[in-house]
Amino acid sequence: AWRKKNAKGAADALHNKPGGSRDKQRQIREIWATGKYLSRDLCAEQECAALNMSFSAARRALNNTPQPSRC
């Protein structure tokens with residue numbers, strides 16, 4: 001039990017650090033929410049390189065996100 005808790009804590013620390021996977025997911029979702037892109041695929045394709053993440057990871061991060069309001 002101790003080993004499992006220790007491993008989970010280490011993994012969470014790695015994913016939560018600035019520039020980690022959860023930070024990148026948050027950034028791509030914020031970009032999508034701006035309404036700049038018409039489709040999630042287009043958003044993921046054009047922004048994945050800037051965020052240093054793969055297209056598939058960027059696209060998965062955008063799954064089940066609400067449509068942005070286009071004012």
Side-chain angles (χ1 to χ4, degrees):
W2 172 82
R3 190 178 308 261
K4 182 178 177 181
K5 184 178 178 182
N6 192 32
K8 178 159 176 36
D12 283 342
L14 187 66
H15 293 303
N16 289 335
K17 71 179 183 180
S21 60
R22 292 183 183 136
D23 185 42
K24 291 177 185 178
Q25 289 175 357
R26 180 191 52 78
Q27 289 176 346
I28 192 103
R29 289 178 184 137
E30 287 176 356
I31 292 168
W32 169 248
T34 63
K36 177 180 173 185
Y37 296 101
L38 296 176
S39 74
R40 288 175 182 84
D41 287 332
L42 189 61
C43 177
E45 183 180 334
Q46 293 187 4
E47 296 294 335
C48 66
L51 294 174
N52 195 24
M53 63 192 306
S54 67
F55 169 77
S56 60
R59 187 59 184 91
R60 279 193 313 267
L62 294 175
N63 283 347
N64 297 321
T65 54
Q67 286 287 354
S69 58
R70 290 180 173 80
C71 299

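Worth saying up front: this structure is predicted, and the values here are computed from it rather than measured. The figures that follow rest on heavy atoms only: side chains count, while hydrogens, waters and symmetry mates do not.
The distance from the CG atom of Leu42 to the CG atom of Leu62 is 11.0 Å, given to the nearest 0.5 Å. Between the NZ atom in Lys17 and the NE2 atom in His15 there is a gap of 10.5 Å [rounded to 0.5 Å]. One finds the CD atom of Gln46 at 11.0 Å from the CZ atom of Phe55 (value rounded to the nearest 0.5 Å). Rounded to the nearest 0.5 Å, atoms CZ (Arg40) and CD (Gln67) are 4.5 Å apart. With rounding to the nearest 0.5 angstrom, the CE atom of Met53 is 9.0 Å from the CD atom of Gln27. The SG atom of Cys43 sits 9.5 Å away from the CZ atom of Arg59 when rounded to the nearest 0.5 Å.
At distances below 3.5 Å, at least one donor-acceptor pair connects side-chain atoms of Arg29 with backbone N or O atoms of Ala61. One N or O on the side chain of Asn16 and one on the backbone of Asp12 form a donor-acceptor pair closer than 3.5 Å.
Across every non-hydrogen atom of Ala58 and Ile28, the tightest pair is CB-CD1, 4.0 Å. The minimum heavy-atom distance between Tyr37 and Trp32, with the atom names listed, is O-CZ3, 3.6 Å. Nearest heavy-atom pair, Pro68 versus Ala33, reported as atom, atom and distance to 0.1 Å: CB-O, 3.5 Å.
Other residues, nucleotides and ligands contribute at most 12 non-hydrogen atoms within 6.0 Å of the CG atom of Asn52.
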